[in-house]
Protein chains: 2
Amino acid sequence: MANPALIRDKDAADSGIGALDSILGFHIRLAHGAVYRHFNEAFAELELTQKQVSVLWLVSDRPGIAQIDVGGRLQMDRATTMTIVNRLQERGYLRRERSASDGRKQALYLTSSGETALDDAKRCIESHETWLKSRFTPEEVEKLVEMLSRIHD
Amino acid sequence: MANPALIRDKDAADSGIGALDSILGFHIRLAHGAVYRHFNEAFAELELTQKQVSVLWLVSDRPGIAQIDVGGRLQMDRATTMTIVNRLQERGYLRRERSASDGRKQALYLTSSGETALDDAKRCIESHETWLKSRFTPEEVEKLVEMLSRIHD
DNA sequence: CAAGATTGTATGCTTTACTAACAAATAGGC
DNA sequence: GCCTATTTGTTAGTAAAGCATACAATCTTG
C-alpha cells in the first residue's frame, strides 16, 4: 500500500549512504566486506580463511620461510602470525623447524596434506576470483590491482 | 657480509608475495588492512572505529533510521549492528526510541555529544582521506570508487 | 483471526589484530 | 671476547567484528 518513494523522515526509505558515498576508505571497507563474505561461502567446506590460505600459499612458494617473513609479506604482526600458523600446524598442514642459519627463526614447510589442502584451495580461489573479476575488463583489473598496490605498498 | 641477493632456500630473502600478487582479492585485503591501520592511528584519541563512525554518520544523515536499515546500508547483520549501536549508546552518542510508525523498529537519534563526536570524527576522516587519496589523481579516485562500487553493490 | 515475516534482543563462538612481557638467539660496539 | 641491544618466537590478555541460533514483540498477509 504505502509507496516507498513517498515515505519520509521516520522511515528514511530511500537507499544509499549519503555523504559517506564520497569517502574512499568507506568503499574499500564495503568492497572488502563483500569479498570477505563471498570468500567464506566459497571456502565453507574447506574450512579455510583468507589468511590461512595466504599463509599456505606463501609457505608453498618459499619453503623454509620464517614466521616473521610471512607476517611481513602479509602485513601481520608476530602475534597474529602465530595464531594462524598454530592453527595450520594443529590441523597438520604445516610444520616448524628451527632454522639452521638463524636459531631464532622457525622455518616453515607444508606437509603433504597441507599441499593437498592448498591445491583444493587454489581451485576455490580460481572460481572466487572469476566471480570477482567478472565485473571488470582485463585492463580494469590491472588498473585496479595497480591502484590497490599503491595503498598497501 | 652476506649479500641478500645471494641468500637462497632457507632464508627466502627476496621480497614480494609471488603468485599471490595476481589475486585481486588479496590486494583488496591488503589495501583494506593498510587503510584500517591508518584509520585506527588517526582515531586513537577519539576512540572510535570505522564502523562506529559510519553508524554515527548515517544516523546523523537520517535521524530516526531503524537499526535494520543501518545494518543494511553498511552491510552488517542485525547482531553486529546491535553491538555497535549498544556501544555508541553506552557512550551517550545516540539514543533509541520506539518508532511511531512501526513498533518493531527502534528509531535512532544522535545526542548532542554524539554530534560533537561526529564533528570531531569528520575532521579526522578528512585528514585520513587526504592521506589515502594523496597517491591518486582526482580522476583515479573517481575511477577507483566506481570500480569498488561494482564489487559491493 | 491465524500463520508467517520482520525487527530487536540476548548468548555464544570464531577469527583477526593488537599490546605487553619474557626467553632464546643473533648482531654490533668496545 | 664481552656486554648490550635487537630480533624472533612465544604466551597471555583484550577488543572489534562477524555469524548463528533462539526468542519475544510487532507487523503483514491470506
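Letters go in sequence order (proteins before strands), and every chain restarts at 1.
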Is there a side-chain polar atom (N or O) of B:K105 under 4.0 Å from OP1 or OP2 of D:dC27? no

Tell me the interatomic distance from B:L48, atom CG, to D:dA15, atom P, rounded to whole angstroms. 16 Å

I'd like to know if B:R78 reaches the base of C:dG8 with its side chain such that a donor and an acceptor end up less than 3.5 angstrom apart. yes

Among D:dT28, D:dT7, D:dG9, which is the nearest nucleotide to the side chain of A:R104? D:dT7

Pick base, sugar-phosphate or nothing for A:R98, based on heavy-atom distances below 4.0 Å to the nucleic acid. nothing

Give the rounded distance in Å between these two atoms: CZ of B:F39 and P of C:dC18. 15 Å

With heavy atoms under 4.0 Å as the rule, sort A:T49 into base, sugar-phosphate or nothing. sugar-phosphate

Taken to the nearest whole Å, CD/B:E90 to C1'/D:dA15 is 13 Å

Could you say whether B:R87 or A:N40 is positioned toward the 5' end of DNA chain D, judged by the nucleotide with the nearest heavy atom to each? B:R87

Any side-chain N or O of B:Q50 less than 4.0 Å from the OP1 or OP2 oxygen of D:dA16? no

N-O pairing of A:K105 and A:E97 below 4.0 Å: no

On the 0 to 90° scale, with breaks at 30° and 60°, tag the B:H38-B:H128 ring pair as parallel, tilted or perpendicular. parallel

Rounded interatomic separation in angstrom, taking CD from B:E41 and P from C:dA17: 15 Å

Can you tell me which nucleotide in C:dG8, D:dT11, C:dA27 comes closest to the side chain of A:M82? D:dT11

So which nucleotide from D:dT26, D:dC19, C:dT16 ends up closest to the side chain of A:T80? C:dT16

B:Q75 side chain near D:dG18 phosphate (N/O to OP1/OP2, under 4.0 Å): no

Toward the 5' end of DNA chain C, which comes first, B:A79 or A:D77, by nearest nucleotide? B:A79

DNA chain C nearest-nucleotide lookup for B:G33 and B:N86: closer to the 5′ end is B:N86

What nucleotide, of C:dA17, D:dA17, D:dG9, holds the atom closest to the side chain of A:A66? D:dG9

Report the nucleotide, chosen from D:dC27, D:dG9, D:dC19, that has the shortest atom-to-atom distance to any side-chain atom of A:Q106. D:dG9

Sidechain N-carboxylate O distance under 4.0 Å for B:K143, B:E139: no

In terms of heavy-atom contacts, does CD of A:E126 have more than 12 from other residues, nucleotides or ligands at under 6.0 Å? no

Given C:dT16, is OP1 or OP2 found less than 4.0 Å from the side-chain N or O atoms of B:R29? no

Evaluate whether atom CD of A:E142 has more than 12 neighbouring non-hydrogen atoms of other residues, nucleotides or ligands under 6.0 angstrom away. no

